[in-house]
Student: 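Let me begin by handing over the structure; questions about it come next.
Computed from a predicted model, the values in this text were never measured in an experiment. Scope of the values below: all heavy atoms of this structure, side chains included, with no hydrogens, waters or symmetry mates. Throughout, residue positions are numbered sequentially from 1 according to the sequence presented.
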Amino acid sequence: MDKLRRIKLKNMIMLTIAGVINAIGITIFLSPVKLYDSGISGTSMLLAQITPDYLTLSMFLLILNIPLFIYGLKKQGALFTFYAIYTVAIYSVCSWLITDILPVDVTFASPLAGTDLLLCALFGGVISGIGSGLAIRFGGAMDGIEVLSVIFAKKIGISVGSFVMIYNILLYITCGFVVNSWILPLYSIVTYFAALKTIDYIVEGIDRAKAAMIVTTMPDEICKALSEEFETGITTFNAKGWYSQNDKTMIYFIVNRFQIGKMKEIIHGIDAKAYISIYEVADVLSGNRE
């Protein structure tokens, strides 16, 4: 209960938005043309199609997801479980409102993309990916398969990502046999990858920062020049060349993609032999200068 006291209003607002966005992506673009989302959401869509009408998508979302989140309570914690159940509840309620209450016909075609499967797959995947990405970014989850993957992936000796992918492959194969067609499952794979890429962008940022590791024998001059040019923090480490056995300094420096060229010019203008490696970082959580 103490952890539940850490509930933040901002998170609740963003998780509400995430649930609404996900519902729009699924009910406006995917469900009308019988494309499938991934994970438990996709499983719920399939079950809603092959069962009586009174067993709706929103009902299956709750029936399948909530027990999984509760099952993962010990592993994921009370706060995550609360956020996840809340997000799925919003997703479920909004799906019900769109399909059964609002004056929007989503019976046979998408109100925005018609019966164009490629448009529905891409836009449905991107929009639902935005919802899922926001849910993850603000402490919750949109799908119980993520909980299952965390709990069981290590036990069976595979990664979390591989567990989710295997589940989805089996889901789409099942869909192909059930609907006796492979066109919709194949387009659903397009949806899955569109959503997956969108989730990465939402969780890790569209314009990812770049981390530069610079090995040099002239750290003071380089740090001074970089600091004056970019006005950002710099961290240094003592290092030694294995082959030369010479003492060197390693500089850790964060830039954006537009600053890389200028950074290289500054460094090699001071030390032509400096070694520079650059790689992406997902998030920079502190802007303090040291």
Student: Got a sec, which residues hit side-chain contact (heavy atoms from CB on, under 4.5 Å) with P111, two or more places apart in sequence or on another chain?
Tutor: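 For P111, the residues satisfying side-chain contact (heavy atoms from CB on, under 4.5 Å) (neighbours in sequence not counted) are I28, V104, V106.
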Student: Hey, is CZ on F237 packed in by over 12 heavy atoms from elsewhere, all under 6.0 Å?
Tutor: yes
Student: To the nearest 0.5 angstrom, please state how far the CG atom of D105 sits from the OG atom of S110.
Tutor: 10.5 Å
Student: Taking H268 for its side chain and K273 for its backbone only, find out whether a donor-acceptor pair lies under 3.5 Å.
Tutor: no
Student: Could you measure the distance from the CG atom of D143 to the OG atom of S38? Nearest 0.5 Å is fine.
Tutor: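 So the CG of D143 and the OG of S38 are separated by 6.0 Å.
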Student: Would you please classify the geometry between the Y279 ring and the Y252 ring as parallel, tilted or perpendicular, with 30° and 60° separating the classes?
Tutor: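 Rings of Y252 and Y279: tilted, 30 to 60°.
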Student: May I ask you to test the K34-V179 pair for a side-chain heavy-atom distance under 4.5 Å?
Tutor: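 A side-chain contact under 4.5 Å is absent here.
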Student: Could you please spell out the steps behind the side-chain contact (heavy atoms from CB on, under 4.5 Å) verdict for Y83 and M14?
Tutor: CA-CA 11 Å; Y83 278 154; M14 295 308 299; over 6 Å; no
Student: Would you please name every residue forming a side chain to side chain donor-acceptor pair (under 3.5 Å) with D220, sequence neighbours left out?
Tutor: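 Not a single residue meets the side chain to side chain donor-acceptor pair (under 3.5 Å) criterion with D220.
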Student: If you apply the rule side-chain contact (heavy atoms from CB on, under 4.5 Å), what do you find for L47 with I50, and how did you get there?
Tutor: CA-CA 5 Å; L47 292 175; I50 62 176; 4.3 Å; yes
Student: If you count the non-hydrogen atoms of other residues, nucleotides and ligands that lie under 6.0 Å from CD1 in I183, is the total more than 12?
Tutor: no
Student: Between N168 (side chain only) and G39 (backbone N and O only), is there a donor and an acceptor less than 3.5 Å apart?
Tutor: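 Yes: the side chain of N168 pairs with the backbone of G39.
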Student: Contact between Y187 and V33 at the side-chain level, heavy atoms closer than 4.5 Å - yes or no?
Tutor: no
Student: Can you tell me which residue pairs pass the ring pair (Phe, Tyr, Trp, His ring centres under 6.0 Å) test with a partner in residues 98-119, sequence neighbours excluded?
Tutor: none
Student: How close do A109 and T115 get, heavy atom to heavy atom, and via which atoms?
Tutor: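 Nearest heavy atoms, A109 then T115: CB-CG2, 3.7 Å.
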Student: Do I234 and S227 touch side chain to side chain, with heavy atoms closer than 4.5 Å?
Tutor: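 Yes - at least one pair of side-chain heavy atoms lies under 4.5 Å apart.
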Student: I'd like to check the salt bridge (charged side-chain N to carboxylate O under 4.0 Å, His left out) partners of K224; sequence neighbours left out, ordered by chain and number.
Tutor: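 K224 satisfies salt bridge (charged side-chain N to carboxylate O under 4.0 Å, His left out) with E228 only.
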Student: Quick check: closest heavy atoms across A225 and I266, and the distance to 0.1 Å?
Tutor: CB-CG2, 3.6 Å
Student: Would you confirm whether N11, through its side chain, and F138, through its main-chain N or O, come within 3.5 Å as a donor-acceptor pair?
Tutor: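 Yes: the side chain of N11 pairs with the backbone of F138.
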Student: To the nearest 0.5 Å, tell me how far T236 OG1 sits from M250 CE.
Tutor: 11.0 Å
Student: Could you go step by step and tell me if I145 and F163 meet the side-chain contact (heavy atoms from CB on, under 4.5 Å) rule?
Tutor: CA-CA 9 Å; I145 190 62; F163 184 96; 3.9 Å; yes
Student: Once rounded to the nearest 0.5 Å, what's the spacing between atom CD1 of I189 and atom CD1 of I169?
Tutor: 7.5 Å
Student: Y91 and S41: which non-hydrogen atoms are nearest, and at how many Å?
Tutor: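 Shortest heavy-atom contact: OH-OG, 2.7 Å.
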Student: Relative to each other, are the rings of F230 and F253 parallel, tilted or perpendicular (30° and 60° limits)?
Tutor: tilted
Student: With sequence neighbours excluded, tell me which residues meet ring pair (Phe, Tyr, Trp, His ring centres under 6.0 Å) with Y167.
Tutor: none
Student: Remaining members of W242's ILVMFWY cluster at a side-chain heavy-atom cut-off under 4.5 Å?
Tutor: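 Members alongside W242: Y243.
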Student: Taking the side chain as everything from C-beta on, heavy atoms only, tell me whether D37 gets closer than 4.5 Å to M45.
Tutor: yes
Student: Taking only residues two or more places apart in sequence or in another chain, which ones pass side-chain contact (heavy atoms from CB on, under 4.5 Å) with T27?
Tutor: L57, S95, I98, T99
Student: Output every pair passing side-chain hydrogen bond (donor to acceptor under 3.5 Å, both in side chains) with a member in residues 47-57, not counting sequence neighbours, ordered by first then second residue.
Tutor: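 Matches after skipping sequence neighbours: Y36-Q49, T56-S58.
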Student: What distance separates L226 CG from E231 CD, expressed to the nearest 0.5 Å?
Tutor: 12.5 Å
Student: Once you round to the nearest 0.5 Å, how far does CG of D116 lie from CZ of F123?
Tutor: 10.0 Å
Student: Can you name the residues that form a side-chain contact (heavy atoms from CB on, under 4.5 Å) with I278, not counting sequence neighbours?
Tutor: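 Listed in chain order: K210, A212, I260, M263, K264, I276.
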Student: Under 4.5 Å between any side-chain heavy atoms of Y86 and T16, yes or no?
Tutor: yes
Student: Kindly indicate whether the side chain of L15, heavy atoms from C-beta on, has any atom under 4.5 Å from the side chain of L134.
Tutor: no
Student: Output all residues satisfying side-chain contact (heavy atoms from CB on, under 4.5 Å) with T217, sequence neighbours left out; order by chain, then residue number.
Tutor: K248, D271
Student: Has S44 got a side-chain atom pairing as donor or acceptor with I40's backbone, closer than 3.5 angstrom?
Tutor: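 Answer holds: yes.
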Student: Quick one: ring pair (Phe, Tyr, Trp, His ring centres under 6.0 Å) partners of Y192, sequence neighbours excluded?
Tutor: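 None.
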Student: Provide the closest heavy-atom pair for M59 versus S92 in the form atom of the first, atom of the second, distance.
Tutor: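 So the minimum-distance heavy-atom pair works out to N-OG, 4.4 Å.
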Student: Looking at side-chain heavy atoms only, is the closest gap between P32 and T107 below 4.5 Å?
Tutor: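 P32 vs T107: side chains apart.
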Student: Would L64 end up clustered with L73 when hydrophobic side chains under 4.5 Å apart are linked, directly or stepwise?
Tutor: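 No: no chain of side-chain contacts under 4.5 Å links L64 to L73.
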Student: So, for V20 and C94, which heavy atoms are closest and what is the spacing to 0.1 Å?
Tutor: CG2-SG, 3.5 Å
Student: Are any non-hydrogen side-chain atoms of L117 and L184 less than 4.5 angstrom apart?
Tutor: yes
Student: Measure from the ring center of F177 to the ring center of W182 and say whether it is less than 6.0 Å.
Tutor: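 Yes; W182 has its ring centre under 6.0 Å from that of F177.
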Student: May I have the step-by-step check of side-chain contact (heavy atoms from CB on, under 4.5 Å) for I267 and I214, ending in yes or no?
Tutor: CA-CA 9 Å; I267 294 169; I214 306 148; 3.3 Å; yes
Student: Please name the pair of heavy atoms, one in L30 and one in C120, separated by the smallest distance, quoted to 0.1 Å.
Tutor: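 Heavy-atom minimum between the residues: CD2-O, 3.5 Å.
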Student: Which ILVMFWY residues can you reach from L97 by hopping between side chains whose heavy atoms are under 4.5 Å apart?
Tutor: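 The other cluster members (ILVMFWY side chains, heavy atoms under 4.5 Å, direct or chained) are V93, W96, I101.
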